[in-house]
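Counting convention: from 1, in listed order, for ligands and their atoms alike. Every heavy atom of this structure was used, including side-chain atoms; hydrogens, water molecules and symmetry mates were not.
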Amino acid sequence: MNQFQSCINQINKTCNLIEKNTKSSRLRETVYQEAEILKKPQRVVEVSIPVKMDNGDLKVFTGYRVQHSNARGPYKGGLRYHPQVNLDEVKTLSFWMTIKSAVVNIPYGGGKGGIEVNPKELSQGELERLTRGYVRKMAHNIGPNKDIPAPDVYTDAQVMAWFMDEYSRIVGENTPAAVTGKPVELAGSLGRETATAQGGFYVLENLLKRIGNKNQKKDIAVNGFGNAGANFAQIAYKGGYKIVAVSDSGGGVYNEKGLNIDELIRHKKETGSVTGFKGSRRISNEELLTMKVSILVPAALENVITKENSSSVKAETILELANGPISSQADEMLSKKGVVIIPDVLANAGGVIVSYFEWVQNLRHFYWDADKVQKRLQTQIEKAAEDLWQTKQEYGTDLRNGAYILAINRINKALKWRGV
Ligand code: NAD
């Protein structure tokens, strides 16, 4: 099954749940009709990007932008650089952005972009030419009121700065609101760098209280040690949690007494990987995912928990900081086992919330201090957690289905007003 098909299955599942809880037969019918719109992205753009490499060779890369829905506002979503990027993945990620923006109630739709490339094999100059080439091909499809990209896997503030610069040259005016996740010195927002992790932490604390006090031990394993994973580990570590294991693409490290995350971040900066950290035992990513911990935090790539390894997962709670880390079959198996899954569309929405704040600041040319950003993030994401909890209780379902019900109801209302 391709990934986007599992999105369609989730839409159908959500409609069934809404239908069961809706008394009016007219409304029951329109739920299915409107949801049909979400089963196809509104626009798919594929481009070729020729890049002159440092050695004089020419390489042609493939890039995508998928604009899934703008029912509630401009398309919004990250730009990923990874060798496994493909259209099915980008479509799926764009759908999840539509749902995420609706769950946290910000005035955006969903989009996503990607380039099939291994950025680790490119020099800074090649990376810059690749980014600028992508912007030149996409410029007519994006813009502050159309579609606003942001960082994702292996793209960062530097890539966003090149993006903003190239876009501004093309349109002939300084346009910071065309992209978010920019450096603070170049119209970025304070707090954006840590927003995904910080938001995930607020959601975790908020929902653990509602779920009940079963995570007494508060030990955590984190898969992926980049922007989302490393910042989350640091925030949770400072918040009194014990981080017993973390991993990155080079493997993982474990210490049952807990890892000193500040030192580990320093170690990763110096050596390029978490492995070899003093006082830790080396483990594989697979071991980390099936470790006996209270909270497991997948923060790397999609589908790391599948039907093959889900029966070995021993965590009580999973906080999905990555997008789509659990396959749909694994999700059902884990839910049956009683594992509480805090879904990606809420858990990692801190990033898009602060991206929204960055965009607002850019449009107003008026900048907030870090405290204001943090407080507004907390308010916005905790309100979303509360809305989700209420929806889940009302419909008698789990958190993932609750999130999709909440989002699809909101999107359908927007579609009704628009008269689609
Ligand atoms: P990143 O590039 O900063 O970090 C990715 C991390 O994953 C790196 O530590 C890398 O070594 C690790 N990794 C790669 N392959 C791995 C593997 N096979 N096993 C274990 N680790 C592996 O990316 P990020 O921005 O932290 O994104 C991580 C996830 O979070 C993605 O699913 C992304 O879509 C999601 N996300 C990120 C943001 C954000 O603001 N950065 C927002 C929402 C969702």
Side-chain angles (χ1 to χ4, degrees), residues 3 76-85 89-90 92-97 99-101 103-104 110 112-114 117-120 127 149-160 179-182 188-189 191-200 203 221-234 245-253 264-265 267-269 271-275 283-289 296-306 309 319-326 343-358 377 381:
Q3 263 187 301
K76 179 89 187 93
L79 171 63
R80 176 175 294 197
Y81 290 178
H82 196 273
Q84 262 113 48
V85 161
E89 181 189 64
V90 184
T92 303
L93 290 162
S94 72
F95 167 71
W96 288 336
M97 285 307 301
I99 299 296
K100 197 182 298 181
S101 302
V103 167
V104 296
K112 199 85 181 189
V117 59
N118 184 354
K120 290 180 183 173
L127 212 52
D152 192 68
V153 175
Y154 296 152
T155 54
D156 56 13
Q158 175 61 80
V159 173
M160 297 305 118
V179 63
T180 59
K182 300 177 294 294
S189 177
R192 174 62 185 86
E193 197 66 18
T194 52
T196 301
Q198 186 66 61
V203 166
V222 185
N223 160 249
F225 206 65
N227 176 286
N231 283 312
F232 177 82
Q234 192 169 43
V246 307
S247 63
D248 59 23
S249 57
V253 287
L264 185 54
I265 288 174
H267 172 83
K268 169 138 183 159
K269 263 192 197 135
T271 67
S273 172
V274 295
T275 56
I283 53 167
S284 66
N285 268 294
E286 197 50 40
E287 276 176 86
L288 183 143
L289 294 167
L296 173 64
V297 184
L301 295 172
E302 291 101 79
N303 287 324
V304 292
I305 303 173
T306 61
N309 62 357
L319 179 76
E320 291 188 324
L321 269 197
N323 283 308
I326 304 178
D344 47 5
V345 288
L346 176 67
N348 67 31
V352 74
I353 291 173
V354 176
S355 271
Y356 164 54
F357 296 162
E358 181 177 333
L377 165 63
I381 210 158

Problem - Minimum non-hydrogen distance to atom 41 (N) of ligand 1, winning option of V354, N231, N227 - result: N227
Problem - Shortest reach to atom 10 (C) of ligand 1 by a heavy atom, considering only Y81, F232, Y154, W96 - result: Y154
Problem - CG on L79 to CG on L93, rounded to 0.5 Å - result: 11.5 Å
Exercise for the section: Using a 4.5 Å cut-off on heavy atoms from C-beta on, say whether the side chain of R80 contacts that of L301. Expected result: yes
Handout entry: ligand 1 contact by P151, heavy-atom criterion under 4.0 angstrom
Key = no
Problem - Atom of I381, atom of L346 and distance for their closest heavy-atom approach - result: CD1-O, 3.8 Å
Problem - Top protein contact for atom 12 (C) of ligand 1, by heavy-atom distance - result: S249 N, 3.9 Å
Exercise for the section: May I ask you to check if ligand 1 and D152 share an N or O to N or O distance below 3.5 Å? Expected result: yes
Completion exercise
Value for CD (E89) from CD (Q84), rounded to nearest 0.5 Å, stands at 8.0 Å
Fill in the blank from the handout: Atoms of ligand 1 under 4.0 Å from any heavy atom of N285, numbered from 1 in the order shown, are 19 (N), 20 (C)
Handout entry: Location of contacts on K268 toward ligand 1, heavy atoms closer than 4.0 Å
Key = side chain
Exercise for the section: Could you say whether the N/O atoms of K112 and ligand 1 ever approach to under 3.5 Å? Expected result: no
Exercise for the section: Using a strict 4.0 Å cut-off to heavy atoms of L301, name the atoms of ligand 1 that fall inside it. Expected result: 15 (N)
Exercise for the section: Find the distance between NZ (K76) and OG (S355) and round it off to the nearest 0.5 Å. Expected result: 4.0 Å
Handout entry: Any donor-acceptor pair under 3.5 Å from D156 side chain to V159 backbone
Key = yes
Exercise for the section: Would you check if the side chain of E358 reaches a backbone N or O of K182 as a donor-acceptor pair within less than 3.5 Å? Expected result: yes
Handout entry: Non-hydrogen side-chain atoms of L319 and F232 separated by less than 4.5 Å
Key = yes
Practice task
For N303 and Q3, run side-chain contact (heavy atoms from CB on, under 4.5 Å): C-alpha distance rounded to whole Å, both residues' side-chain angles, the deciding distance at 0.1 Å, then the answer.
Solution key: CA-CA 10 Å; N303 287 324; Q3 263 187 301; 3.9 Å; yes
Practice task
Could you say whether the N/O atoms of N323 and ligand 1 ever approach to under 3.5 Å?
Solution key: yes
Exercise for the section: Apply side chain to side chain contact (heavy atoms under 4.5 Å, CB included) to V117 and list each qualifying residue two or more places apart in sequence or on a separate chain. Expected result: F61, Y81, I115, P119, L122, L130
Completion exercise
Rounding to 0.5 Å, atoms CG (N309) and CD (E287) come to a distance of 13.0 Å
Exercise for the section: Kindly confirm or rule out an N or O of V153 lying under 3.5 angstrom from an N or O of ligand 1. Expected result: no
Handout entry: Polar atom proximity, A228 to ligand 1 (N or O, under 3.5 Å)
Key = yes
Practice task
Could you find the nearest protein heavy atom to atom 6 (C) of ligand 1 and give me its residue, atom name and distance?
Solution key: G226 N, 3.8 Å
Practice task
Answer yes or no: is there a side-chain heavy-atom contact under 4.5 Å between T180 and V352?
Solution key: no
Exercise for the section: Please identify which atoms of ligand 1 are closer than 4.0 Å to at least one heavy atom of A300. Expected result: 7 (O), 13 (N), 21 (N), 22 (C), 28 (C), 29 (C), 31 (C), 32 (O)
Practice task
Check each atom of ligand 1 against the heavy atoms of N223 and keep those under 4.0 Å away; list them by number with element.
Solution key: 20 (C)
Practice task
Give yes or no for whether the N/O distance cutoff of 3.5 Å, strictly under, is met between N348 and ligand 1.
Solution key: no
Practice task
May I ask you to identify, for D248, whether its side chain, its backbone, both or neither come under 4.0 Å of ligand 1 on a heavy-atom basis?
Solution key: both
Handout entry: ligand 1 contact on K120 by region, counting heavy-atom pairs under 4.0 Å
Key = neither
Practice task
Flag T196 as yes when one of its N or O atoms lies below 3.5 Å from any N or O atom of ligand 1, and as no otherwise.
Solution key: yes
Handout entry: Closer than 4.0 Å: a protein non-hydrogen atom to atom 4 (O) of ligand 1
Key = yes
Handout entry: Those atoms of ligand 1 less than 4.0 Å from some heavy atom in R80
Key = 31 (C), 32 (O), 33 (C), 34 (O)
Practice task
Please round to the nearest 0.5 Å and tell me the distance separating atom CG of N323 and atom CG of D152.
Solution key: 6.5 Å
Practice task
Determine whether the side chain, the backbone, both or neither of A230 has a heavy atom under 4.0 Å from any heavy atom of ligand 1.
Solution key: neither
Problem - E193 versus N231, side-chain donor and acceptor atoms under 3.5 Å - result: no
Practice task
Please identify which atoms of ligand 1 are closer than 4.0 Å to at least one heavy atom of R192.
Solution key: 40 (O)
Problem - Any N or O of F225 closer than 3.5 Å to N or O of ligand 1 - result: yes
